[in-house]
Amino acid sequence: MRAARKPTAMERLRRPARMEFLHELLEFIDAGAKRLGFDESARGRIRLASEEALVNVILHAYAGADGEVEAGLSGGEDRSLRIEIRDRGAAFDPLAEAEPDLEAGLADRKIGGVGIFFIREAADRAAYRREGEENILTLYFIRT
Amino acid sequence: MDIVMTTESDVAVFSIIGHLDAVSSPELEGRLGTWFEEPGTRLVLDLNGLEYISSAGLRVILSAAKKMKARNGKLGLSRLQPRVREVFQVSGFSSIIPVFETLPAALDAVR
């Protein structure tokens, strides 16, 4: 009988919230997903949700001032991957934003909100919480 | 990401290869911006080599589509790979920008 896999301790990577660090943060997340056995198609979804969450912090969390963003990841007993994206900007719940109008024609179509829509769509579950001075966005992915 | 621009008689073709994300999309935006300085009206984005696209990449393509419409031009996308196709479908972009299975089909459609 195989022992149930225990959740792994959370690994973290903290970097300045700037676009030049986006790829390093995404590679860190992708390496973790690969280690946990997620296939290429699932890793595409994980990368998409993670990029949209990180870019949102990089572009908006600190309103032009310096700040940091942290990616944390851990594997769960239930074949899951949990990713936490943390920043110390003003309180902001991306999941509370209105959905974009995906039916609009070309003339009226706006890109605003599509990134956050992709976070919801690509992750199996997403949750936001404010803890002290931190925004914490948690993304869950289940390995099929 | 790599961008290869070719001209098929009177149609400009941008082949976009690799990842079109928040880091690389400004480069595509710049290359298309240069093309938009000329009065071309037939444009194809060939996505055969594109493995990944995020909302930052979609933003650049949406902006190109709007500019083409403003100048009464025609834009077509060709050869979307499964994961890129999924992003276009989920975002509703496949219903506002014409998508073709093959490059010749896209070239025919914008002529």
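As a basis for the values below, the full set of heavy atoms in this structure was taken, side chains included, without hydrogen atoms, waters or symmetry mates. Convention: sequence-line order gives letters A, B, ...; per-chain numbering from 1.
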Original post:
Among residues 15-22 of chain A, which ones touch chain B with a heavy-atom distance under 4.5 Å?
Top reply: A/Met19, A/Leu22
Original post:
Do A/Ile29 and A/Tyr140 sit in the same hydrophobic cluster, where Ile, Leu, Val, Met, Phe, Trp and Tyr count as joined when their side-chain heavy atoms come under 4.5 Å apart?
Top reply: no
**OP:** Kindly work out whether a path of hydrophobic side-chain contacts (I/L/V/M/F/W/Y, heavy atoms less than 4.5 Å apart) joins B/Ile17 to B/Val99.
**Re:** no
**OP:** Give the minimum heavy-atom separation between A/Glu51 and B/Asp21, together with the two atoms involved.
**Re:** OE1-CB, 3.1 Å
Original post:
B/Val110, B/Leu62: one ILVMFWY side-chain cluster at the under-4.5 Å cut-off?
Top reply: no
**OP:** Might you work through the side chain to side chain contact (heavy atoms under 4.5 Å, CB included) test for A/Leu48 and B/Ile53, ending with a clear yes or no?
**Re:** CA-CA 8 Å; A/Leu48 180 60; B/Ile53 189 168; over 6 Å; no
Original post:
Looking at A/Val55 and B/Ala22, what are the two nearest heavy atoms and their distance?
Top reply: CG2-CB, 3.5 Å
Original post:
So which heavy atom on A/Gly115 is nearest to which on B/Ser55, and how close?
Top reply: CA-OG, 3.6 Å
Original post:
Side chains of B/Arg59 and A/Val114: closer than 4.5 Å at any heavy-atom pair?
Top reply: no
Original post:
chain B heavy atoms under 4.5 Å from A/Glu40: which part of the residue, side chain, backbone, both or neither?
Top reply: both
Original post:
Out of curiosity, does B/Val13 fall in the hydrophobic cluster containing B/Val84 (side-chain heavy atoms, cut-off under 4.5 Å, transitive links)?
Top reply: no
Original post:
Looking at B/Ser95, B/Gly92, B/Ser54, which has the largest count of heavy-atom pairs under 4.5 Å with chain A?
Top reply: B/Ser54
Subject >> Portion of A/Ala122 that has a non-hydrogen atom of chain B nearer than 4.5 angstrom >> reply: neither
Original post:
With a cut-off of 6.0 Å (strictly less than), are more than 12 heavy atoms of other residues, nucleotides or ligands near NZ of B/Lys66?
Top reply: yes
Original post:
Are B/Leu32 and B/Ile61 connected in the hydrophobic side-chain network, where two residues link if heavy atoms are under 4.5 Å apart?
Top reply: yes
**OP:** State, yes or no, whether a side-chain contact exists between B/His19 and A/His23 at a heavy-atom distance under 4.5 Å.
**Re:** no
**OP:** Using non-hydrogen atoms and a 4.5 Å limit, figure out which bit of B/Arg83 sits close to chain A: side chain, backbone, both or neither.
**Re:** side chain
Subject >> Largest heavy-atom contact set with chain B, pairs under 4.5 Å, which of A/Arg47, A/Glu121, A/Glu52 >> reply: A/Arg47
Original post:
Within residues 62-73 of chain A, which positions have a heavy-atom distance to chain B below 4.5 Å?
Top reply: none
